[in-house]
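Below is one structure, written out as structure tokens, with a few remarks after it.
If you read the sequence from its start, that first residue is 1, and numbering goes on from there.
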Amino acid sequence: MTSMSDYRPLLPAEISILKGQLNRAENWEHVFIHHQTDLKLLHNNTFAGKVYVGALKRGFGESSLPVGIYDSNLRDVSLGENCAIHHAKLILNYTIGHDCTLFNTGIIDGRKPFGEFSIKVSNENGGRAVIAFPGMNSADAWLQSQYKDDTSLQQNMQILARKAISSFVGRPAIAPFCRLLNCQVIHSSHIGPHARLENILSIKNSVILSSAAAPAILVNGVILEDVILEKQNMVKNHTVLLRVATEENVHMENGARITDCFIGANSTIACGESVSNLLFAFHEQHHNNSFLIATQTGGQCNIAAGATIGSNHNSRAADGELIAGRGFWPGLETDFKHNSRFASFTLVAKSSFDKELDIPLPFSLVSKNSDGRVVIYPAYWYYYNLYALARNTWKFSRRDKRTAKPLLIETDFLGPDSLIEMMEGIRFFKEFLPANIPLMELMKNPDQIKAPKYIEAEGLVYKEKALILNPRKALLAYIRLLIFFCGRTFLSPFPGKSLPAEGWENFGGQFIPAHEAAALRDRIRDGRIRNWEEVHAFYVEQARDYPAYLYALAGHIASFLTGKSELSARERRRLRLLAADVAGELLNGARNSREKDFENLFRKKSYHGRDEMNAVLGTMDQDPFLKSYHESMTQLILALNSNEPYGDGNGET
């Protein structure tokens, strides 16, 4: 590693050699070299201010360009060893690490240090703005955007954010092993090691984090201003970012225009426009979906082509918000009116929703009928697309490419959010439940639920009643899924203590019990938390305790299902047996919903026969998810049906 003590002034003979190679200097006394610098590798350059040239040895750089400095202008620049710098129009006030390659670059100007900026997430009016800082994850962004009425909390979080920024306010740097080819403008930006930048139009006041294991890649017409990119980000093909921060493994491409957004890990945004959004992990937006404006989405979302989410406001100013839980899937050309809110795993059919919505029922299909009425089919996913629902859990865990995992992102569709929403959904339908009969009993005799084919409900659509289809089926699905979660959870050893864990908060994809989240806010508010690293340590602690808290949640749900505050070993055994039955339903439902794709008459019409269809699509038996799901669920059913002892709520067997 080269230090400033390794550089020395030029000797008169060395100055003559450099002049003979058409090099020029404003003042040769301000040009310093490493004792291992081969002067024959400097040709036709202009040096101004203080320039430090690291050791240069014959060889080739990252892009197979000869090591050395050729046809370039440098002012107040420090170079590491073995750099290959060719045709740099002007590099000004920058530190460049060793083994970097710069070819045909325009203006690289570091006179102004990297400066603080805010991102107007969730609301266009800036009322939920967060201060961006390197290393910020979606939990940090969410926490900053919430509790805006808590002045002390907000002030202390701003102090923590500015501390995190302080290490980047000095002279901008290009870290070792970077490759910059045909980059026109780079101002006041830090570029991490092993980053690759090619054909860049402009990067201003940005931090690009990168590493050998997770390099940042920016190519082809990219523009960045006030941006913090985490490691393993890819930005390409005329994408424009303004006031944006990301987590690891985010792809932004194909003309995407993204402003005032935080984008969670393992996400993709292409083609369309995204403004003032706080997007948790696994956000998929691959098509021309213009104006995804002022939203907070819980992750695992898929935005269909033509969606204009957030294009309509119900106030006189652009200050509306849309909040969607995990698994939000709006259909083609869908648009909504602010403010609207959606439970987890809400599927929305193509339509224009001209009134505000509040959908509290998870796993619902929301649509409009021929009369323009909003229709909600709760638990639709359970009955008609278990394949997609179960596959989500499988595919998201496989697609998590983060090299570091500061957050434990929940990918199971049965998380604290959907579980609590199902409990609330059952309470919503309580008028159809028989009095004083435990919910578990309805598994034996579902005919005890006396519900019509549809009901009308107020409070879900602005100034209208929503039509809710098949409330009886929804109730049964919610009960079954809650039983399945409890039975599966009770296979784990009892954690040994009672934990209050029915209330939860979604910290950027990681679920944290509400009382623990409140304790964190207290520690930030009173100054016991001194930096964001300590906040991140809290997330790690919570991830470690998560299984125990899930066990506590299962205990709350079991009490809700049975009507008993404590369960005996026999009752837990019964829960497990019922859960085994539900597991069989889930397995069969996943296979049956996928089978429709192979047996649908219209799917077959584009093929000459079954053999060609199999050649193109594969067969059901070749589906990697179904193979994995069948194996895991079969093992789970065996475990649920086993006679092994297990603890009850008091640690007894």
Side-chain angles (χ1 to χ4, degrees), residues 249 265-268 281-282 284 286 299-302 326-327 329 344-345 347 362-363 379-402 405 408-415 418-419 477 480-492 509 547 550 576-604 606-642 644:
N249 191 35
N266 306 302
S267 295
T268 299
F282 300 105
E284 301 294 333
H286 294 272
Q300 302 166 37
C301 298
N302 196 321
R326 287 191 301 149
W329 281 29
S344 53
F345 298 96
L347 175 65
F363 308 114
Y380 173 88
W381 288 82
Y382 182 86
Y383 289 105
Y384 297 102
N385 206 354
L386 271 175
Y387 174 87
L389 192 60
R391 182 174 174 269
N392 280 352
T393 299
W394 177 80
K395 75 177 183 182
F396 288 130
S397 60
R398 290 167 63 92
R399 292 178 183 178
D400 190 349
K401 303 301 182 183
R402 295 175 294 165
K405 298 183 179 180
L408 178 65
I409 299 173
E410 179 61 87
T411 58
D412 195 323
F413 67 88
L414 292 179
S418 59
L419 294 164
R480 288 184 175 113
L481 289 172
L482 292 175
I483 288 172
F484 174 75
F485 171 77
C486 290
R488 182 184 66 181
T489 303
F490 290 153
L491 287 174
S492 302
L550 280 182
R576 285 174 55 175
L577 293 175
L578 289 173
D581 293 339
V582 179
E585 292 178 7
L586 293 173
L587 179 57
N588 291 332
R591 184 172 183 84
N592 292 340
S593 60
R594 179 59 171 150
E595 190 174 30
K596 290 184 290 186
D597 294 330
F598 290 87
E599 299 304 326
N600 184 285
L601 176 63
F602 288 87
R603 288 267 288 184
K604 297 177 181 178
S606 62
Y607 304 100
H608 294 105
R610 172 66 76 173
D611 290 343
E612 185 187 24
M613 184 176 177
N614 290 343
V616 174
L617 302 180
T619 65
M620 286 271 291
D621 294 335
Q622 294 170 332
D623 187 307
F625 161 67
L626 283 178
K627 285 183 178 180
S628 173
Y629 195 57
H630 182 272
E631 181 179 340
S632 62
M633 290 297 276
T634 300
Q635 292 175 352
L636 178 61
I637 291 169
L638 288 173
L640 290 168
N641 283 320
S642 72
E644 295 179 6

request  = Carefully, step by step, assess Phe345 and Arg326 under the rule side-chain contact (heavy atoms from CB on, under 4.5 Å).
outcome  = CA-CA 6 Å; Phe345 298 96; Arg326 287 191 301 149; 4.0 Å; yes

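- When all heavy atoms of Thr393 and Thr411 are compared, the pair lying nearest together is OG1-O, 3.2 Å.
- Residue Leu386 comes nearest to Glu585 through the heavy atom pair CD1-O, 4.1 Å, listed as atom of the first residue, atom of the second, then distance.
- To the nearest 0.5 Å, atom OG of residue Ser628 and atom CE of residue Met633 are 11.0 Å apart.
- With rounding to the nearest 0.5 Å, the separation of OH in Tyr380 from CG in Leu389 is 12.0 Å.
- To the nearest 0.5 Å, atoms CG (Asn588) and OG (Ser593) are separated by 10.5 Å.
- By the 4.0 Å N-to-carboxylate-O rule, Asp623 lies too far from Arg391 to be salt-bridged with it.
- With a 4.5 Å cut-off on side-chain heavy atoms, Asn392 and Phe413 do not count as touching.
- Separation of atoms CD (Glu595) and CE (Met620) is listed at 5.0 Å; rounding is to 0.5 Å.
- Not a single side-chain contact (heavy atoms from CB on, under 4.5 Å) links Asp611 to another residue, sequence neighbours left out.
- Residues Asp581 and Ile483 have side chains not in contact (no heavy-atom distance under 4.5 Å, counting atoms from C-beta outward).
- Going from atom NZ of Lys604 over to atom CZ of Arg610 covers 4.5 Å, rounded to the nearest 0.5 Å.
- Less than 6.0 angstrom separates the ring centroid of Tyr387 from the ring centroid of Phe625.
- Annotation: His630, atom NE2; neighbour count of heavy atoms from other residues, nucleotides and ligands within 6.0 Å does not exceed 12.
- Taking both residues in full, the closest heavy atoms of Ala281 and Ile409 are given as CB-CD1, 3.5 Å, listed atom of the first, atom of the second, then distance.
- In terms of heavy-atom proximity, Trp394 sits nearest to Ser397 at O-OG, 2.8 Å.
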